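The block underneath contains the structure these notes are about, expressed in structure tokens.
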Amino acid sequence: MRNLPPSLRKRKRYVAFKLISERDVAKEDFVKALWSLMLSLFGEFDGEVFKLIHFENNIGIVACCHRNLNKLKIALTLIDRVGEIRTLPIILGVSGTLKRCRKKYSEVLKDANSTNGI
Amino acid sequence: MIDFIRFDYDNSIDLGFQKYVVFGEITKKNIQGCLIYAETTKELREKLRKAKGLVGVISCKEEVNKYAVMRKKVDILLDFPERRLDYVTVKLAKEKDVMIEIALSNLLSVKGIKRAMLVKELRTLFKVIKKFDTPFILTSGAKDFYQLRQKKQIHEVFEYLGADVKRSDYWAERLYRRLFDEKYIMDGLEIL
């Protein structure tokens, strides 16, 4: 439902993550993999509805409701294959606002390489 | 903190673990663990004679796991999807101070009904572990690079299934001190 009053709006959390894989993963394949895992783990009633805000070069931000944050994190953790590509998902952090999430994690990722642990 | 893996990892990515113990492969960069697979108690007894260092046992038979817990040389009951533990074994593990490994790789390697069954068994296991305060460790149990996960990711998954993560950290820290701290002798006794 749109235009809800602030008291009825759900608080959001933004999860920044990185996928380590042999080659770049397609955005559509990743969304498909995450949805199928979310539905198989938690079902249609308890599964969390998420929104992929940003995904580029295997780095992305997913938005979800703050109450079901752990469900999204579990689904992200249990991704081991996107399409045919094997992946190692790494959760970089969680933020309450998109601005902060981008500032905190995306800027760090510009200088990231395999030796500094990100 | 310490993680148990099944391949020789070169520590290229920091996943929040200080050391890795490798079971089932020869390593020079990490700590070498001794993996014993046995299907009968007789086989286990024979293999244990040659075993050295940090000894981990895997078996799909309940009686072998129960027997392994009672042996002084065994340090850890390693995890794999076909492992079967019963109530008595978990209780004995507390008395004999044998650690039970619970690995995330099992959840990654199975899907569908098998995963649902595994989750059900894990929930029960965590309840029994909590009841007896049995030593346990939450690990990745990775067989290859793509099964590795960050420490906090592993903890989040098992916390959702009912594990006492703080207690697991305590047991992992204890094992780490036992292996690397020269001043540590036993619980409550160390060289100052």
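The model shown is predicted, which means the values in this text are computed figures rather than measured ones. The chains referred to below are lettered A, B, ... by the order of the sequence lines, with proteins before strands, and numbering in each begins at 1.
Chosen from A:I91, A:D80, A:L76, A:L78, the residue pairing most often with chain B at heavy-atom distances under 4.5 Å is A:I91. Of the listed residues (B:E159, B:R115, B:Q147, B:K111), the one with the most heavy-atom contacts under 4.5 Å to chain A is B:R115. Ranking A:T77, A:N70, A:I74, A:I79 against chain B, the residue ahead of the rest is A:T77, based on heavy-atom pairs under 4.5 Å.
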Quick one, A:F42 with B:Y160, criterion ring pair (Phe, Tyr, Trp, His ring centres under 6.0 Å). Give me CA distance, side-chain angles, the key distance, then yes/no.
CA-CA 12 Å; A:F42 304 107; B:Y160 186 80; 5.6 Å; yes
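Neither the backbone nor the side chain of A:L19 has a heavy atom closer than 4.5 Å to any heavy atom of chain B. When heavy atoms are compared at a cutoff of 4.5 Å, B:D144 approaches chain A solely by way of its side chain, counted from C-beta outward.
Ring geometry, A:F30 versus A:F55: the interplanar angle falls under 30°, so the pair is classed parallel (tilted spans 30 to 60°).
Salt-bridge annotation for A:R81 and A:E22: absent, with no side-chain N of the basic residue lying under 4.0 Å from a carboxylate O of the acidic one. Note on A:K27 versus A:E56: no salt bridge recorded, every NZ/NE/NH1/NH2 to OD/OE distance being 4.0 Å or above. Ion pairing between B:K96 and B:D75 fails under the 4.0 Å rule for side-chain N and carboxylate O.
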